[in-house]
2 protein chains.
Amino acid sequence: MGRSRDTRERIVRTSARLLLSRSYGSVSVDDVCAAADVRKGSFYHFFPAKADLAKAVVDLHTDALLERLAAASGDTAAQRLHGVADAVGGIQAGFESTFGRVVGCPFGNLAAELSTVDDTLRDHLASAFARWERGFAVICHQAAHEGVLREGVDPDRLAHSLLAHTQGRILLAKVGGHSATDVAATLHDLIDVHLREGAV
Amino acid sequence: MGRSRDTRERIVRTSARLLLSRSYGSVSVDDVCAAADVRKGSFYHFFPAKADLAKAVVDLHTDALLERLAAASGDTAAQRLHGVADAVGGIQAGFESTFGRVVGCPFGNLAAELSTVDDTLRDHLASAFARWERGFAVICHQAAHEGVLREGVDPDRLAHSLLAHTQGRILLAKVGGHSATDVAATLHDLIDVHLREGAV
DNA sequence: GGCTCTCTTGACCGAACGGTCAACTGGCGC
DNA sequence: GCGCCAGTTGACCGTTCGGTCAAGAGAGCC
């Protein structure tokens, strides 16, 4: 039936959902196939192995994330910085409303579970994180040029710090049952403490 | 042969090592038994299910962590704050020298992988994190009373922020191949930015 | 010496796992 | 109208998974 051209995409989107609601290890290829209404042979027509599915899911989330980060606007760098915090909060709020609770960061979850298990996936995740961090860094450098960063705050280190905080805070929300708005709030706090007094 | 009384401990310690070097899903009960030189029947004599092993490993790490945090001394709260950053860095450095790279936080790894999969384990991890955070909070409150915290910095929020940062930074080091000393350095930066100028 | 109780052993189980394959099917280019 | 090929199907494979169990063996107590 060499038909529907959306099979691969359906597999990836379904997997993204299943991986968020559970974990890589607890989601089987059979689970994915059943949820996507695809037979296993078709699955292995598109993906050489289960690990390649994880990579495709990472790519899906990377596209969505970068698009959303780029949409963070504002007249000042400080506003844009808070804008990315809102973007992260918005993504998490979306997951929260879909799954009924904070289910973690798609990148962070896979990174924690698999970066000591699968080297090529770890590389894949590392470059996804790098792109994310670079997005942060651009705004941090703008903030530095606008002179709103506190004395001694290095923009690159701040970008890294923001990413670390994002990951950690989402993980704590996942295990502690906190809400996505809490995540965003903590992120805003962290940004504020790095800005000069009165800077917005 | 109702003999050796250290079997259970040997299982837990071996599992702790295996779980750090890989992941919960990729370590089988058979793997653990082989590495600990224990037959599977013995394993299931001590643990009702594989998940209970994870709990025991969490307890092992919790004891080690709290002991190490309590050892963080110093005349001022600021020094003790930097002391806990060193403690975290020291633990990670230990793992790094054992496994040849940063392998993540034992709590964070399990939390990311399993807190959407196993509710009782998630609770277990949540209370471990809570105890950890309380350890941070005690020192943060001391810092507040000593007046070394920047204006507007809430000690409880700072403790939470420190924990989030710790988790996120370790995860980034794991996936990015950074060293444990980098982790500690970022933590020191975060502490410094929350302290008044000149406070040590 | 024998009883008891904890611990140990190795064989065993059904289910689920990731992955393979030969056969088939429909749409598209010629 | 026909050949080609990406896509589809369902049966199938060997392995590994978490977990069970009946039988035994040593230490401690009386």
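Reminder, nothing fancy here: chain letters follow the sequence lines and each chain counts from 1.
Under 4.0 angstrom from either OP1 or OP2 of C/dT8 there lies at least one side-chain N or O belonging to B/Thr7. For D/dG7, one of the phosphate oxygens OP1 or OP2 lies less than 4.0 angstrom from a side-chain nitrogen or oxygen of A/His45. Remark: A/Tyr44 is in phosphate contact with C/dG19, judged by side-chain N or O atoms under 4.0 Å from OP1 or OP2. Contact annotation: A/Ser28 does not reach the phosphate of C/dA16 (side-chain N/O to OP1 or OP2, under 4.0 Å).
For A/Glu96, the side chain to side chain donor-acceptor pair (under 3.5 Å) test picks out no residue, with sequence neighbours left out. Contacts of B/Arg13 classified as salt bridge (Lys or Arg N to Asp or Glu O under 4.0 Å), with partners at least two apart in sequence or in another chain: B/Glu9.
Here D/dT15 presents its P atom at 15 Å from CG of B/Asp30, a figure rounded to the nearest Å. Regarding B/Phe47, its CZ atom lies at a distance of 18 Å from the C1' atom of D/dT20, rounded to whole Å. Atom CG of B/Asp31 is separated from atom P of D/dT16 by 10 Å (rounded to the nearest Å).
B/Ser28 and B/Asp31 share a donor-acceptor pair across their side chains, judged by distance under 3.5 Å alone.
Near DNA chain D, meaning a heavy atom under 4.0 Å away, the residues from residues 35-43 of chain A are A/Arg39, A/Gly41, A/Ser42. Residues from residues 11-20 of chain B lying near DNA chain C, meaning a heavy-atom separation below 4.0 Å, are absent. Interface residues of residues 49-58 of chain B facing DNA chain D, ordered by number: B/Ala49, B/Lys50; criterion, heavy-atom separation under 4.0 Å.
Just one of A/Val84, A/Leu171, A/Leu190, A/Val88 meets the side chain to side chain contact (heavy atoms under 4.5 Å, CB included) condition when paired with A/Thr166; it is A/Val88.
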Please table the atom pairs, donor to acceptor, closer than 3.5 Å between any side-chain atom in residues 58-74 of chain A and protein atoms at least two apart or in another chain.
from    : atom 1 : to       : atom 2 : distance (Å)
A/Asp59 : OD1    : A/His124 : NE2    : 2.8
A/Thr62 : OG1    : A/Val58  : O      : 2.7

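Nearest approach of B/Tyr44 to B/Ala49, heavy atoms of both residues: CE2-CA, 4.1 Å.
Side chain of A/Glu146 to backbone of A/Thr76: no donor-acceptor contact under 3.5 angstrom is found. Using modelled atom types, no side-chain atom of B/Ser115 and backbone atom of B/Ala112 make a donor-acceptor pair closer than 3.5 Å.
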Review point. Run the side chain to side chain contact (heavy atoms under 4.5 Å, CB included) check on A/Tyr24 and A/Lys50 step by step: do they pass?
Key: CA-CA 9 Å; A/Tyr24 180 84; A/Lys50 190 191 175 189; 3.4 Å; yes
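Checked against D/dC17, D/dT8, C/dG18, the side chain of A/Phe46 finds its nearest nucleotide in D/dT8.
In the hydrophobic clustering of ILVMFWY residues, with side-chain heavy atoms under 4.5 Å counting as a link, A/Val148 and A/Val193 come out together.
Note on ring orientation: taking the six-membered ring where Trp is involved, the planes of A/Trp132 and A/Phe129 are parallel (angle under 30°, cut-offs 30° and 60°).
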